[in-house]
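Just so it is clear, the values below take in all heavy atoms, side chains as well, and ignore hydrogens, waters and symmetry mates.
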Amino acid sequence: MWWHKPRAQLYSRFDVQPFDYVLPAFAAYAVFALALGAFAGTFIRRAVPAMATTLFVFIAVRIFIEVWARPRYLPLKTAIDPVDGPHGVSQEAGDWIRQTGWADRSGHRLSAAEQSRLNSIPSFEEYTRYIREHGLREWVKYHPANTYWQFQLIETGIFLGLAAILVGLVVWRVRRRAT
């Protein structure tokens, strides 16, 4: 981690770079990769195809977890603030922002077309005036920064659980072949 710390300050802790290189998840990835390699080797029984299969499956599982599962570990929080405030929607440093947009006075979220029309306003003064005249408020769906370690532990549990299943299958296969 000491070599990664200067780079990690450029990102939110939830971004791929900082999240993936922090213990305990990083260690769980390694355990999973080792168990996956043993599993592939036990069933394929040829080194190069087993290594290729291990690499392909490891990358596929990691991408699936990162893109699909990780954002769903915990429910999103929603914040709605008037834009008249000094910084719009107030957020903690390090929050993982998943969605943003605008809502009108009644709380109805602007459609993509309405959002596009708003974003096409040429000057900042006109943009600000339009927002005030229409009573628009910014909304944000996010995971709070204080849930970071929960995310780390959930992902660690997923990968260690998968590794345990693979090790169990390897033991079963080896015992079955030995008899």
For Gln150, does its backbone N or O pair with a side-chain atom of Thr147 as donor and acceptor, under 3.5 Å? no
Using 0.5 Å steps for rounding, measure from the NZ atom of Lys77 to the NZ atom of Lys141. 12.0 Å
Cluster question for you: counting only ILVMFWY and a side-chain heavy-atom cut-off of under 4.5 Å, with indirect links fine, are Phe39 and Met51 together? no
Phe26 vs Tyr21 aromatic rings, parallel, tilted or perpendicular, using cut-offs 30° and 60°? tilted
Tyr127, Tyr130: one ILVMFWY side-chain cluster at the under-4.5 Å cut-off? yes
Should the heavy atoms of other residues, nucleotides or ligands under 6.0 Å from CZ of Arg46 be counted, would the total exceed 12? no
Set of ring-ring contact (aromatic ring centres under 6.0 Å, His included) partners for Phe64, sequence neighbours left out: Trp68
Please set out all donor-acceptor pairs under 3.5 angstrom arising from side-chain atoms of residues 154-170, sequence neighbours excluded.
from: Glu155; atom 1: OE1; to: Arg70; atom 2: NE; distance (Å): 2.9
from: Glu155; atom 1: OE1; to: Arg70; atom 2: NH2; distance (Å): 3.4
from: Glu155; atom 1: OE1; to: Tyr73; atom 2: OH; distance (Å): 2.8
from: Glu155; atom 1: OE2; to: Tyr29; atom 2: OH; distance (Å): 2.5
from: Glu155; atom 1: OE2; to: Arg70; atom 2: NH2; distance (Å): 2.8
from: Thr156; atom 1: OG1; to: Ala25; atom 2: N; distance (Å): 3.2
from: Thr156; atom 1: OG1; to: Gln152; atom 2: O; distance (Å): 2.8

Common cluster, Trp102/Ile121, ILVMFWY with side-chain heavy-atom separation under 4.5 Å: yes
State the CG-CZ distance between Leu36 and Phe58, to the nearest 0.5 angstrom. 8.5 Å
Strictly distance-based, threshold 3.5 Å: is any side-chain N or O of His134 a donor or acceptor partner for the main-chain N or O of Asp104? no
Are Val61 and Phe56 joined in one hydrophobic group, where the rule is that I, L, V, M, F, W and Y side chains link up if heavy atoms are under 4.5 Å apart? yes
Against the six-membered ring of Trp96, is Arg98 placed for a cation-pi contact (under 6.0 Å from the centre, within 45° of the normal)? yes
Do Val140 and Asp95 have side chains that approach each other closer than 4.5 Å (heavy atoms only, starting at C-beta)? no
